[in-house]
Amino acid sequence: MDERVTIALEDGVADVRLARADKMNALDPAMFAALAAAIERLAGEPRLRAVVLSGEGRGFCAGLDMAAMAAGGSGLALGERTRGASNDVQYVCTGWRALPVPVIAAAHGVAFGGGCQLLAGADVRVAHPDTRLAIREVHWGLVPDMGGYALWRGSVREDVLRELVYTARELDAAEAQACGLVTYLDPEPRERALAIARAIAARSPDAVRAAKRLFALAADADAPAILAAESAAQLALLRSPNQAEAVRANLEKRAPRFSDEVGGGPRPSPQSSS
């Protein structure tokens, strides 16, 4: 991944870090490629239960590295649908939503432009109270084009979002939380994100993955399709090995031992407090 992105996997939680600290994790062609590679690697990880996405150094992500893009061209396909419904640029944000497990992002410093859209790809977003955010593209005579419009839908108040896009102004973390760009504020955002990920990892991986599939469907489907999908997911889970283990563990007041593979043997889960 050209050292742009690092991944550490422990107890089912992938700790993914943008590692271009000297440029505040700005997005250049190598960073786009590294993020896409990280998503693809995680998509094929059978023991994955949750992901934490954060940035090293002084900020989460400062957005596009305009100098790098101008110097050599991005080499990225904008018009082509290279990643299903997404192009190369959109995939580094939409790909996190497509992963079968929850993704928790931890922001600090800045999340500007593409960095703000990258944040939007997570299921849950934790920010340091001093984080500054901006949907910056109109400042450069452009529009948000990394999946933001699709990812913000349903979570960010639309009239506020329109004003933020049109003006390209900065906002603080408290305002970002109020309008839906951010879920939680915490002075230790990465630690909070890791705690959420570990709590998720302690639950049945089958149930969590099914829940994320239902959230993906609910974004576009009509009510009858959602209701049918809920029933189908529940029928598949009822009396399955991991569902039975969840019941036994709760009744016996112990940590569950879930299997990450269909038909596989039990594997000790991270300790759960409930």
Side-chain angles (χ1 to χ4, degrees), residues 4-5 16-36 38-39 53-79 83 86-97 103 105-122 125-128 130-153 155-158 160-177 179-183 189:
R4 288 287 200 273
V5 177
V16 181
R17 308 205 70 187
L18 280 63
R20 199 186 181 207
D22 59 320
K23 298 292 185 180
M24 295 188 74
N25 300 313
L27 300 163
D28 65 351
M31 181 68 90
F32 276 104
L35 284 166
I39 293 167
L53 177 65
S54 65
E56 295 183 357
R58 295 182 294 120
F60 174 68
C61 178
L64 282 183
D65 184 336
M66 300 300 291
M69 293 295 189
S74 70
L76 300 167
L78 295 180
R83 305 280 187 170
S86 300
N87 62 24
D88 286 349
V89 170
Q90 293 160 339
Y91 181 70
V92 303
C93 299
T94 62
W96 304 105
R97 288 283 180 94
V103 178
H108 71 289
V110 298
F112 287 165
C116 197
Q117 294 180 81
L118 183 60
L119 196 64
R125 299 165 295 281
V126 185
H128 189 283
D130 293 336
T131 307
R132 293 177 295 127
L133 301 92
I135 304 171
R136 196 72 172 149
E137 285 76 10
V138 171
H139 176 78
W140 298 101
L142 302 169
V143 295
D145 71 334
M146 290 174 59
Y149 284 103
L151 296 168
W152 289 317
R153 181 180 52 186
S155 62
V156 183
R157 184 173 148 176
E158 185 177 332
V160 177
L161 180 62
R162 286 172 181 260
E163 184 264 328
L164 293 173
V165 170
Y166 300 154
T167 64
R169 70 174 176 87
E170 290 185 23
L171 66 160
D172 62 24
E175 185 181 357
Q177 183 188 35
C179 73
L181 285 172
V182 166
T183 313

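- To the nearest 0.5 Å, atom SG of residue C93 and atom CG of residue L118 are 5.0 Å apart.
- To the nearest 0.5 Å, atoms SG (C61) and CG (L27) are separated by 4.0 Å.
- In this structure, R58 has no salt bridge (Lys or Arg N to Asp or Glu O under 4.0 Å) partners at least two apart in sequence or on a different chain.
- Side-chain contact check for R153 and Y149: no donor-acceptor pair (N or O, by modelled atom type) lies under 3.5 Å.
- T131 pairs by the side-chain hydrogen bond (donor to acceptor under 3.5 Å, both in side chains) definition with nothing, not counting sequence neighbours.
- By the side chain to side chain contact (heavy atoms under 4.5 Å, CB included) test, R169 pairs with E163, L164, T167, L171, E175, sequence neighbours left out.
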Pairs of donor and acceptor atoms involving the side chains of residues 134-143, under 3.5 Å and at least two apart or interchain, shall be tabulated with distances.
| unit_1 | atom_1 | unit_2 | atom_2 | d |
| --- | --- | --- | --- | --- |
| R136 | NH1 | A168 | O | 2.9 |
| E137 | OE2 | G114 | N | 3.4 |
| E137 | OE2 | Q117 | NE2 | 2.9 |

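- In this view, R20 and D28, D65 satisfy the side-chain hydrogen bond (donor to acceptor under 3.5 Å, both in side chains) rule, not counting sequence neighbours.
- R97 meets the side chain to side chain contact (heavy atoms under 4.5 Å, CB included) test with R125, L151; sequence neighbours excluded.
- Listed by chain and residue number, nothing satisfies the side-chain hydrogen bond (donor to acceptor under 3.5 Å, both in side chains) test with S155 (two or more places apart in sequence, or in another chain).
- Rounded to the nearest 0.5 Å, atoms CZ (R157) and SG (C179) are 9.0 Å apart.
- Applying the salt bridge (Lys or Arg N to Asp or Glu O under 4.0 Å) rule to E170 yields the partners R132; only residues at least two apart in sequence or on another chain are considered.
- Remark: side-chain polar atoms of H108 are paired, donor with acceptor, to backbone N or O of G59 under 3.5 angstrom.
- Counting only heavy atoms from C-beta outward, the side chains of L18 and E56 never approach each other to under 4.5 Å.
- Annotation: side chain of I39 is in contact with side chain of W96 (closest heavy-atom distance under 4.5 Å).
- Applying the side chain to side chain contact (heavy atoms under 4.5 Å, CB included) rule to V92 yields the partners F32, L35, M146; only residues at least two apart in sequence or on another chain are considered.
- Considering only heavy atoms from C-beta on, W152 comes within 4.5 Å of P144 through its side chain.
- Contact record, L133 with A176: CD1-CB, 3.7 Å, taken as the closest heavy-atom pair.
- Closest approach of A127 and P189 over heavy atoms only: C-CB, 4.1 Å.
- Under the 3.5 Å distance criterion, the side-chain polar atoms of Q177 are left unmatched by any main-chain donor or acceptor of A174.
- Qualifying side-chain hydrogen bond (donor to acceptor under 3.5 Å, both in side chains) partners for T183, counting only residues two or more places apart in sequence or in other chains: none.
- For the side chain to side chain contact (heavy atoms under 4.5 Å, CB included) test, residues two or more places apart in sequence or in another chain that qualify with A36 are R83, Y91.
- L119 contributes atom CG, which lies 8.0 Å from atom CG of L53 (distance to the nearest 0.5 angstrom).
- Of all heavy-atom pairs spanning N25 and A19, the tightest one is OD1-N, 3.6 Å.
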* To do: Take V16 and V5 through the test side-chain contact (heavy atoms from CB on, under 4.5 Å) and record every step on the way to the result.
  => CA-CA 7 Å; V16 181; V5 177; 3.6 Å; yes
